[in-house]
S.K.: 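This is the structure I want to talk about, given as structure tokens.
For ligands, and for the atoms within them, numbers begin at 1 and follow the listed sequence. In this text the structure is predicted, and so the values were computed from the model without any measurement.
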Amino acid sequence: MRPTVAVVGGGPAGLMAAEVLATAGVAVTVYERMPTVGRKLQVAGRGGLNLTHSEPLDAFLDRYGSARAHLAPAIERFGPDALRAWSEGLGEATFVGSSGRVFPEGFRATTLLRAWLRRLDDLGVELRTRHTWQGWTDGGALAFTDRDGATITVAADASVLALGGASWPRTGSDGAWVAPLQATGVDVRPLRPANSGFLVAWSEVFHERFAGTPVKDVSVRHGGMVARGDLMITRDGIEGGPIYALSSRLRSTIDSGTAALLEVDLFPNTTAAALAARIDRRRPKDSLTTGLTRAGLAPVTVGLLREATANQPPTSPRALAAVLRTLPLTLTAPQPIARAISTAGGVALDAVDEHAMLRARPGTFVAGEMLDWEAPTGGYLLQAAFSTGVAAADGVLAYLDTVRS
Ligand SMILES: Cc1cc2nc3c(=O)[nH]c(=O)nc-3n(C[C@H](O)[C@H](O)[C@H](O)COP(=O)(O)OP(=O)(O)OC[C@H]3O[C@@H](n4cnc5c(N)ncnc54)[C@H](O)[C@@H]3O)c2cc1C
């Protein structure tokens, strides 16, 4: 008889595990709580679907920080080139964007996902949607509530848990798996927002006027890290690529008990002297705001200057230029995890063995963002989800070989 494997969670990690297992001849059923699979992948597709990154593998692996050693075997086994070839095999050739990021030519997830689901269907993978995993029965079977709220139990030869993190819960990933895993003795690190925005106590005047306004091409600095790009002012704080890039460091500072001071260079392409000369052209009877606007500063830039100086900006052009190049913003907390791009924390890496199997539950494997790793945006998140999906499937195949021989 063919071995049976239950894959729980129909995101990139779970579906990739399903593909590898079904290709090896295993009877696979994917259980997914939402009406359709791959919802977070679809959301990622709205931003162009940055599948992976083209930088050399050593630099690529460094993006996973302290999880590098754990993830390296999975990413070396199924890395950026393999992922690109896989995408091409599904009819979505990829290209390298100017930043080195890799995208499918279609620039979205829908076509890729549709072709992938066709392939999985051809391989005989069964999809059971609207099935929410609740944990294990006393006898060790997987317990689900189905679309009618009834409890069903599933006893498979092995299972892969690929339930994602807790960001964007409307896509189905809500982190509710933490409780059953902890109850079974698995060490789960607290789920935290990663690649997230941060809260700033803006004045009412500022957020009323500028929430939703971008601040173009700035450089931000914190704790020795620097990132460049566009910021977005939100009602209660600040977000955008450069903030996400620093978010892990900012979060650590806040965790240590202090607010995080972010230094923003609003004019990274200009010297302080050139900026001072530009500001100095304002007419003597201009108010500060009129003068700075006349000097070509965007209203949001002037607003930020006022926020950062408690509405007491210096008056001399040289001092003004200095503040605009090193604008201090106090970030008090990360935005809630529901708004983050990804999740830090999760199943502790030493809670799984080198085959991605839970030490506390032999026969149960873990893949994707529910593991305790984090990485910046740039394709590193999806790459790790796909790679750990392959690794978990490899682990299952090795396990099935052992238990069935
Ligand atoms: C706005 C946004 C943009 C992004 N853009 C990119 C990008 O361009 N590049 C990139 O690399 N990454 C991006 N990411 C991150 C990337 O999408 C995730 O890292 C990736 O989807 C994680 O894959 P996963 O399979 O581990 O989890 P998920 O994709 O979250 O899949 C987990 C699945 O498990 C299901 N599930 C959860 N709990 C249960 C349960 N109890 N029972 C049954 N099913 C359950 C969920 O419904 C979900 O379908 C983005 C994320 C967001 C939110």
Side-chain angles (χ1 to χ4, degrees), residues 6-18 29-53 60 63-64 80 83 97 99 101-104 107-109 112-113 127-135 142-147 152 154 159-181 191 193-197 239 241 244 337-344 346-347 366-392:
V7 173
V8 191
L15 295 179
M16 186 52 93
T29 307
V30 176
Y31 296 89
E32 165 59 49
R33 66 187 288 237
M34 301 302 278
T36 54
V37 295
R39 291 197 171 200
K40 194 171 276 179
L41 186 69
Q42 298 265 31
V43 166
R46 287 194 217 146
L49 197 65
N50 180 192
L51 275 178
T52 185
H53 201 285
F60 190 104
R63 307 290 177 169
Y64 299 97
L83 182 55
S99 57
R101 295 173 180 220
V102 174
F103 300 89
F107 232 43
R108 50 207 279 262
L112 185 71
L113 184 58
L127 289 188
R128 300 255 164 91
T129 54
R130 294 193 169 95
H131 278 65
T132 304
W133 182 64
Q134 304 291 356
L142 298 164
F144 297 88
T145 41
D146 71 7
R147 59 190 68 209
I152 64 153
V154 173
S159 55
V160 177
L161 300 181
L163 299 152
S167 74
W168 283 60
R170 80 184 89 144
T171 63
S173 327
D174 63 357
W177 51 264
V178 171
L181 277 163
L191 304 187
N195 293 302
S196 70
E239 52 190 40
Y244 303 158
I337 195 164
R339 282 170 62 184
I341 301 278
S342 60
T343 300
V347 173
V366 182
E369 215 181 293
M370 69 184 288
L371 284 161
D372 178 21
W373 54 267
E374 67 176 306
T377 58
Y380 308 102
L381 302 166
L382 281 173
Q383 178 70 59
F386 285 116
S387 299
T388 55
V390 173

S.K.: Kindly indicate whether the side chain of L161, heavy atoms from C-beta on, has any atom under 4.5 Å from the side chain of W177.
M.R.: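 No, side chains not in contact.
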
S.K.: Of all the heavy-atom pairs spanning L142 and V8, show the shortest one and how long it is.
M.R.: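 Smallest interatomic distance, heavy atoms only, reads CD1-CG2, 4.3 Å.
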
S.K.: Taking heavy atoms and a distance under 4.0 Å, where does S342 meet ligand 1: side chain, backbone, both or neither?
M.R.: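 S342 to ligand 1: no contact under 4.0 Å from either part.
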
S.K.: In the protein, what heavy atom is nearest to atom 25 (O) of ligand 1, and what distance, to one decimal place, separates them?
M.R.: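 So the nearest neighbour among protein heavy atoms is A13 N, 3.0 Å.
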
S.K.: When you measure from atom 28 (P) of ligand 1 to each heavy atom in S173, G165, A109, P169, which option holds the nearest one?
M.R.: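 Nearest heavy atom to atom 28 (P) of ligand 1 lies in S173.
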
S.K.: Give the residue and atom name of whichever protein heavy atom lies nearest to atom 8 (O) of ligand 1, and the separation in Å to one decimal.
M.R.: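 Protein heavy atom at minimum distance: N50 N, 3.2 Å.
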
S.K.: Looking only at non-hydrogen atoms, which of I341, L163, T343, T171 approaches atom 45 (C) of ligand 1 most closely?
M.R.: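 Shortest heavy-atom distance from atom 45 (C) of ligand 1: L163.
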
S.K.: Is a donor from one side chain sitting under 3.5 angstrom from an acceptor on the other, for S342 and N195?
M.R.: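 Indeed, the side chains of S342 and N195 share at least one donor-acceptor pair under 3.5 Å.
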
S.K.: Indicate yes or no: at least one non-hydrogen side-chain atom of W133 is less than 4.5 angstrom from one of V154.
M.R.: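 With C-beta onward as the side chain, the pair stays apart.
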
S.K.: Of P35, G378, P12, which has the heavy atom at the shortest distance from atom 21 (O) of ligand 1?
M.R.: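 Checking each option, the heavy atom nearest atom 21 (O) of ligand 1 is found in P12.
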
S.K.: Check contact between E32 and ligand 1, using heavy atoms of the residue and a distance below 4.0 angstrom.
M.R.: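 In this structure, E32 qualifies as a contact of ligand 1 - some heavy atom is under 4.0 Å.
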
S.K.: One residue to check: T52. Relative to ligand 1, which of side chain, backbone, both or neither has a non-hydrogen atom less than 4.0 Å away?
M.R.: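 No part of T52 is near ligand 1 at this cut-off.
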
S.K.: Between W373 and L381, is there a donor-acceptor pair closer than 3.5 Å when you use the side chain of the first and the backbone of the second?
M.R.: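 Checking the backbone N and O of L381 against the side chain of W373, no donor-acceptor pair under 3.5 Å is found.
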
S.K.: From the options W133, Y380, W177, select the one whose nearest heavy atom is closest to atom 41 (N) of ligand 1.
M.R.: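 Residue with the shortest heavy-atom distance to the ligand atom: W133.
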
S.K.: Against heavy atoms of G368, which atoms of ligand 1 measure under 4.0 Å?
M.R.: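 Reading through ligand 1 atom by atom, the close ones are 26 (O).
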
S.K.: Could you report the tightest heavy-atom contact between Y380 and A375, atom names first, then the distance?
M.R.: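 Looking at all heavy atoms of both residues, the shortest contact is CB-CB, 3.7 Å.
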
S.K.: If you have a sec, work out which protein heavy atom is nearest atom 2 (C) of ligand 1 and how many Å separate them, to one decimal?
M.R.: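 Atom 2 (C) of ligand 1 sits closest to the protein heavy atom V43 CG1, 3.8 Å.
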
S.K.: At what distance is the nearest protein heavy atom to atom 27 (O) of ligand 1, and which residue and atom is it?
M.R.: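 Checking every protein heavy atom, the shortest distance to atom 27 (O) of ligand 1 gives G164 CA, 3.3 Å.
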
S.K.: If you look at every heavy atom in G48 and P104, which pair is closest and at what distance?
M.R.: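 G48 and P104 have their closest heavy atoms at O-CD, 3.8 Å.
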
S.K.: Side chain to side chain contact (heavy atoms under 4.5 Å, CB included) for Q42 and T36? Distances and angles first, verdict last.
M.R.: CA-CA 11 Å; Q42 298 265 31; T36 54; over 6 Å; no

S.K.: The criterion is side chain to side chain contact (heavy atoms under 4.5 Å, CB included); which residues satisfy it with S173, sequence neighbours excluded?
M.R.: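 For S173 the side chain to side chain contact (heavy atoms under 4.5 Å, CB included) partners, ignoring immediate neighbours, are K40, T171.
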
S.K.: With heavy-atom distances below 4.0 Å as the criterion, list the atoms of ligand 1 near M34.
M.R.: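 Near M34, the atoms of ligand 1 are 47 (O).
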
S.K.: Tell me which part of E369 gets within contact of ligand 1: side chain, backbone, both or neither, using heavy atoms under 4.0 Å.
M.R.: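 Both the backbone and the side chain of E369 come within reach of ligand 1.
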
S.K.: Return yes when atom CZ of R170 has more than 12 non-hydrogen atoms of other residues, nucleotides or ligands closer than 6.0 Å, and no otherwise.
M.R.: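 No.
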
S.K.: Does E32 offer a backbone N or O that forms a donor-acceptor pair with the side chain of T129 under 3.5 Å?
M.R.: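 Pair absent, no side-chain N/O of T129 close to backbone of E32.
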
S.K.: Return the minimal non-hydrogen interatomic distance between T388 and A367, and the atom names on each side.
M.R.: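 Nearest pair, atom of T388 first, then A367: O-CB, 3.5 Å.
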
S.K.: May I ask you to list the atoms of ligand 1 that are less than 4.0 angstrom from any heavy atom of A162?
M.R.: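 In order of number, 32 (C), 33 (C), 34 (O).
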
S.K.: Determine, using heavy atoms of G47 and all atoms of ligand 1, whether some pair is separated by less than 4.0 Å.
M.R.: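 No, G47 has no heavy atom closer than 4.0 Å to ligand 1.
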
S.K.: With heavy atoms of G11 as the reference, note each atom of ligand 1 found under 4.0 Å away.
M.R.: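 Those atoms are 25 (O), 29 (O), 31 (O), 33 (C).
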
S.K.: Is it the side chain (CB and beyond), the backbone, both or neither of A44 that lies under 4.0 Å from ligand 1, heavy atoms counted?
M.R.: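 Both backbone and side chain of A44 come within 4.0 Å of ligand 1.
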
S.K.: Tell me, which protein residue and heavy-atom name are nearest atom 34 (O) of ligand 1, and how many Å apart are they?
M.R.: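 Nearest neighbour among protein heavy atoms for atom 34 (O) of ligand 1, to 0.1 Å: G9 CA, 3.3 Å.
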
S.K.: So which protein heavy atom does atom 10 (C) of ligand 1 come closest to, and at what separation?
M.R.: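 The answer is L382 CG, 3.3 Å.
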
S.K.: Starting from atom 44 (N) of ligand 1, locate the nearest protein heavy atom and write down its residue, its atom name and how far away it is, to 0.1 Å.
M.R.: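 It is R33 N, 3.1 Å.
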
S.K.: If you count the atoms of ligand 1 from 1 in the order shown, which ones are under 4.0 Å from a heavy atom of G379?
M.R.: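 Every atom of ligand 1 under 4.0 Å from some heavy atom of G379: 11 (O).
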
S.K.: Test of understanding: with side chain to side chain contact (heavy atoms under 4.5 Å, CB included), list the residues that count as partners of R339, not counting sequence neighbours.
M.R.: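 So R339 forms a side chain to side chain contact (heavy atoms under 4.5 Å, CB included) with T234, D236, E239, Q335.
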
S.K.: What protein heavy atom lies closest to atom 17 (O) of ligand 1? Include the residue and the distance to one decimal.
M.R.: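 Scanning the protein heavy atoms, the shortest distance from atom 17 (O) of ligand 1 goes to K40 CG, 3.6 Å.
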
S.K.: Where do A194 and A340 come nearest, in terms of heavy atoms and distance?
M.R.: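 Heavy atoms of A194 and A340 come nearest at O-CB, 3.5 Å.
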
S.K.: Taking heavy atoms and a distance under 4.0 Å, where does H131 meet ligand 1: side chain, backbone, both or neither?
M.R.: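 The part of H131 near ligand 1 is the backbone, not the side chain.
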
S.K.: Against heavy atoms of T132, which atoms of ligand 1 measure under 4.0 Å?
M.R.: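 Contacts of ligand 1 toward T132, numbered from 1: 41 (N), 42 (N).
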
S.K.: Answer yes or no: is there a side-chain heavy-atom contact under 4.5 Å between T377 and N50?
M.R.: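 The answer is no; the side chains never approach within 4.5 Å.
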
